[in-house]
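Side chains are part of it too, since the values below use all heavy atoms of this structure and drop only hydrogens, waters and symmetry mates. Fair warning: this is a prediction, and the values are worked out from it, not measured in the lab.
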Amino acid sequence: MTVRKRVQVEGRVQGVFFRDGCAREARALDVSGFVRNRGDGGVEAVFEGDPDAVDHMVAWCHRGPPRAVVTAVLVRVEEPQGDHWFAVR
């Protein structure tokens, strides 16, 4: 079974290696999708894969890397798209 979740992360999440840390974690768990900075200072990520691995990534987004200060995480469930890799945009 494959699931897909879109996550919007708010707080001090740009300039703290959030995207790089997220990509490393996702690739280690064989989760597909992407992560990118948003114009409003937040980060957006899409995770697709095994339900437990995707849930792990959503939980990781609540913490982020050591220098991040996460103040809010919004999660939307989406239909899987068949992504095959994880990209940093």
Practice problem: Output, in order, the C-alpha distance, side-chain angles, deciding distance and verdict of side chain to side chain contact (heavy atoms under 4.5 Å, CB included) for E25 and H56. | Solution: CA-CA 9 Å; E25 193 79 14; H56 176 90; 2.7 Å; yes
Exercise. Run the numbers on D83 and R4 for side chain to side chain contact (heavy atoms under 4.5 Å, CB included), then give the verdict.
Key: CA-CA 10 Å; D83 292 344; R4 179 181 179 98; 2.8 Å; yes
Quiz item: Looking only at heavy atoms, what is the nearest atom pair of V70 and C61, with distance?
Solution: CG2-O, 3.5 Å
Quiz item: Hey, quick one: are V73 and F47 part of the same hydrophobic cluster, counting side-chain heavy atoms closer than 4.5 Å, chains of contacts allowed?
Solution: yes
Quiz item: Is there a side-chain contact between L74 and E10 (heavy atoms, below 4.5 Å)?
Solution: yes
Quiz item: Are M57 and V88 connected in a single hydrophobic cluster, I mean Ile/Leu/Val/Met/Phe/Trp/Tyr linked by side-chain heavy atoms less than 4.5 Å apart?
Solution: yes
Quiz item: Do any N or O atoms from the side chain of E48 and from the backbone of G82 form a donor-acceptor pair under 3.5 angstrom?
Solution: yes
Quiz item: So do the side chains of F34 and C22 get within less than 4.5 Å of each other, counting heavy atoms only?
Solution: no
Quiz prompt | Atom pair CZ (R38) and CD (Q14), whose distance is rounded to the nearest 0.5 Å | solution = 9.5 Å
Quiz item: How many angstroms lie between CD in Q8 and CD in E44, if you round to the nearest 0.5 Å?
Solution: 6.5 Å
Quiz item: Got a donor-acceptor contact below 3.5 angstrom from the R19 side chain to the N37 backbone?
Solution: no
Quiz prompt | Closest heavy-atom pair and its distance - M1, P51 | solution = O-CD, 3.4 Å
Quiz item: Would F18 end up clustered with V75 when hydrophobic side chains under 4.5 Å apart are linked, directly or stepwise?
Solution: yes
Quiz prompt | Exercise: identify the closest heavy-atom pair between V31 and A53 | solution = CG2-CB, 3.6 Å
Quiz prompt | Atom CG of D20: over 12 foreign heavy atoms under 6.0 Å | solution = yes
Quiz item: In terms of hydrophobic clustering (I, L, V, M, F, W, Y; side-chain heavy atoms under 4.5 Å; direct or indirect links), are V43 and V7 co-clustered?
Solution: yes
Quiz item: Can you tell if the side chain of D55 reaches within under 4.5 Å of the side chain of K5, non-hydrogen atoms only?
Solution: yes
Self-check item: Taking every non-hydrogen atom, the tightest pair across R67 and R12
Solution: O-NH2, 2.6 Å
Quiz item: Taking a hydrophobic cluster as the set of Ile, Leu, Val, Met, Phe, Trp and Tyr residues connected by side-chain heavy atoms closer than 4.5 Å, whether directly or through intermediates, do F17 and L29 fall within one such cluster?
Solution: no
